[in-house]
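None of these values were measured; they are calculated from a predicted model.
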Amino acid sequence: MPIRIPRGWELPESAATPEHLVLGRRKAMGLGAGLIAGGLAAPALAQQAGMAAMRNTRYPPERALTPERDATSYNNYYEFGSSKNVSGAAQRLRQSPWTLRLEGMVEKPQEIGLEDLLKRVSLEERVLRHRCVEAWAMTVPWTGFAMSDLLKIATPLSSAKYVVFETVREPSVMPGLRQSWYPWPYTEGCTIEEAANELCFLAVGLYGKPVPAQNGGPIRVLFPWKYGFKSGKSLAAIRFTDTRPVSFWEKLQPSEYGFWANVNPEVPHPRWSQASERLLGSNERVPTKLFNGYGAFVADLYQGLQSERLYL
């Protein structure tokens, strides 16, 4: 039997740096001298170089990545239309410059440009599972920063109990806003404690590139343990309040879409089961997990709330 002695310089395949990080960093280095000489700030460089960031492996996805073409072409974004094929229409939404309002019960309301915001936070990449209430799912690499970093910048008052996320309204490019029966603007909300949880994430990149408009670019919020409608897209404002918000889908169908909307395979939607989900790309059906598999990070948030409608 031949005996193979590993060489000192050999590494297992699992130790290899992901290809998109290598290529993204190479692009950044290639562009760096010219862009910096031209006076562009680091966030601008990051945008043009592909949002390269180190991957945080604390949240293993335990699934294969969804092909980029599937994740970016099958999207819910009612401001652009009620079908899943809104990627073309969404390209009309201007992504830069972009300003985010921090308002409500904060020490000092402010408007902050996205480039300025990115100077004050630490970007990282997280591969996260996304579970839509419609029972489809994807697993994608987001680049962004913890919502807790933004809380430090916004400095909410101690009396603020909830956070409201408001999607931009651009009637000239968003034909869905003409549907007057919807309670525009699209808003979603969470508790301060949920916002401060380590899993709550503000994404500015996807697959090593700026988040496409149809996926909620240039900045969106992510709650990986909740159904996807909770994760507001293209944020124009983040507001702090002492009153529990009633968000977009809850206003329309409170019996189907509640405030908490944590993923639970044992609690069906009134019109379909939530026991399994269809993976974009492969169309494979797999079992759904409680809190979308992130219970170790978030279950403690809901202790003592058994009387609440925590799921849907």
Next on the checklist: Taking the six-membered ring for Trp, are Trp249 and Tyr78 closer than 6.0 Å centroid to centroid?
Outcome noted: yes
Those residues at least two apart in sequence (or on a different chain) that pass ring pair (Phe, Tyr, Trp, His ring centres under 6.0 Å) with Trp260 are Tyr302
When rounded to the nearest 0.5 Å, the distance separating OG1 of Thr143 from CG of Leu206 is 8.0 Å
Within-4.5 Å side-chain heavy-atom neighbours: Ile238 and Leu100 = yes
Here the gap from Leu117 atom CG to Ile153 atom CD1, rounded to the nearest 0.5 Å, amounts to 5.0 Å
Exercise. Any side-chain heavy atom of Thr72 within less than 4.5 Å of one from Gln214?
Worked result: yes
Sub-4.5 Å side-chain heavy-atom contact between Met174 and Val168: yes
*Are Val211 and Leu93 connected in the hydrophobic side-chain network, where two residues link if heavy atoms are under 4.5 Å apart?*
yes
So side chain to side chain donor-acceptor pair (under 3.5 Å) across residues 127-137, not counting sequence neighbours, yields Asn76-Glu134, Lys84-Glu134, Arg131-Gln274, Arg131-Glu277, Arg131-Thr288, Glu134-Trp136
Shortest non-hydrogen pair, Arg58 vs Pro60, comes out as O-CD, 3.1 Å
Original post:
Do Leu222 and Leu65 share a hydrophobic cluster, counting only Ile, Leu, Val, Met, Phe, Trp and Tyr and linking them when any side-chain heavy atoms are less than 4.5 Å apart?
Top reply: no
Practice prompt. Using the side chain to side chain contact (heavy atoms under 4.5 Å, CB included) rule, take Leu114 and Thr99 through it: C-alpha gap first, then chi angles, then the decisive distance, then the call.
Written response: CA-CA 6 Å; Leu114 182 56; Thr99 300; over 6 Å; no
Here the gap from Glu250 atom CD to Thr187 atom OG1, rounded to the nearest 0.5 Å, amounts to 9.5 Å
With sequence neighbours left out, the residues meeting ring pair (Phe, Tyr, Trp, His ring centres under 6.0 Å) with Phe145 are none
Quick one, Met105 and Pro156 - any side-chain contact, counting heavy atoms below 4.5 Å? no
Residues at least two apart in sequence or cross-chain that pass salt bridge (Lys or Arg N to Asp or Glu O under 4.0 Å) with Arg271, listed by chain then number, are Glu256
Sorted by chain and number, sequence neighbours left out, salt bridge (Lys or Arg N to Asp or Glu O under 4.0 Å) with Glu62 holds for Lys289
Separation between OH (Tyr74) and OG1 (Thr66), nearest 0.5 Å, reads 12.5 Å
Next on the checklist: Taking the ring of Tyr77 and the ring of Phe80, is the distance between their centroids below 6.0 Å?
Outcome noted: yes
- Does Gly217 offer a backbone N or O that forms a donor-acceptor pair with the side chain of Ser234 under 3.5 Å? yes
query = Does any N or O in the side chain of Thr191 come within less than 3.5 Å of the main-chain N or O of Glu194, such that one atom is a donor and the other an acceptor?
reply = yes
ILVMFWY cluster, Leu151 and Val221 together (side-chain gap under 4.5 Å):
yes
**Q.** Polar side-chain atom of Asn264 near backbone of Leu290 as donor-acceptor pair, under 3.5 Å
**A.** no
Across all chains, not counting sequence neighbours, the salt bridge (Lys or Arg N to Asp or Glu O under 4.0 Å) partners of Lys230 are Glu188
| field | Main-chain N/O of Ser87 paired to Gln91 side chain as donor or acceptor, under 3.5 Å | value | yes
What one should report as the nearest heavy-atom pair of Arg309 and Ser255 is NH2-O, 3.1 Å
Return yes if a side-chain donor-acceptor contact under 3.5 Å exists between Gln303 and Asp300, otherwise no.
-> yes
Is the distance between the ring centroids of Trp225 and Phe291 less than 6.0 Å? no
Correct closest heavy-atom pair for Gln95 and Ala213 would be NE2-CB, 3.7 Å
Hits for ring pair (Phe, Tyr, Trp, His ring centres under 6.0 Å) against Tyr227, two or more places apart or cross-chain, chain-then-number order -> none
Backbone N/O of Phe223 and side chain of Ser231: donor-acceptor pair under 3.5 Å = yes
- Assess whether side chain to side chain contact (heavy atoms under 4.5 Å, CB included) is satisfied between Leu157 and Val106, documenting all intermediate values. CA-CA 5 Å; Leu157 303 179; Val106 294; 5.7 Å; no
Hey, mind stepping through Trp142 and Glu125 against side chain to side chain contact (heavy atoms under 4.5 Å, CB included) and telling me if it holds? CA-CA 5 Å; Trp142 299 99; Glu125 184 184 72; over 6 Å; no
Heavy-atom closest pair (Ala71 atom, Met138 atom, distance to 0.1 Å) is CB-SD, 3.7 Å
For Trp181, the ring pair (Phe, Tyr, Trp, His ring centres under 6.0 Å) test, sequence neighbours excluded, returns none
Q) Side chains of Leu123 and Val204: does their closest heavy-atom pair fall under 4.5 Å? A) yes
CG of Leu312 to CZ of Phe259, rounded to nearest 0.5 Å, is 14.5 Å
(message) In the structure I gave you, are the side-chain heavy atoms of Val286 and Arg63 within less than 4.5 Å of one another anywhere?
(response) yes
Contacts satisfying side chain to side chain donor-acceptor pair (under 3.5 Å) that involve residues 159-169 (not counting sequence neighbours) are Glu166-Arg239
same_hphob_cluster(Tyr257, Leu252) at 4.5 Å side-chain heavy-atom cutoff: yes
In short, Ser247 meets Gly189 closest at the heavy-atom pair CB-N, 4.4 Å
dist Leu150:CG -> Lys152:NZ (nearest 0.5 Å) comes out at 11.0 Å
### Task
Could you please spell out the steps behind the side chain to side chain contact (heavy atoms under 4.5 Å, CB included) verdict for Thr155 and Lys108?
CA-CA 8 Å; Thr155 57; Lys108 184 180 179 181; 5.9 Å; no
Applied to residues 96-125, the ring pair (Phe, Tyr, Trp, His ring centres under 6.0 Å) test, sequence neighbours excluded, yields none
Applied to residues 66-79, the salt bridge (Lys or Arg N to Asp or Glu O under 4.0 Å) test, sequence neighbours excluded, yields Glu68-Lys209
Practice task
For the residue pair Leu102 and Glu107, establish whether any side-chain heavy-atom pair is separated by less than 4.5 Å.
Solution key: no
Aromatic ring proximity Phe297/Tyr59, centre distance under 6.0 Å
yes
Practice prompt. Decide yes or no for Leu235 and Leu202: does some side-chain heavy atom of the first lie under 4.5 Å from some side-chain heavy atom of the second?
Written response: yes
Across all chains, not counting sequence neighbours, the salt bridge (Lys or Arg N to Asp or Glu O under 4.0 Å) partners of Arg244 are Glu308
When every non-hydrogen atom of Ser273 is compared with those of Pro268, the smallest separation belongs to CA-CB, 4.2 Å
Same cluster (ILVMFWY, side-chain, under 4.5 Å), Leu305 and Val263 | yes
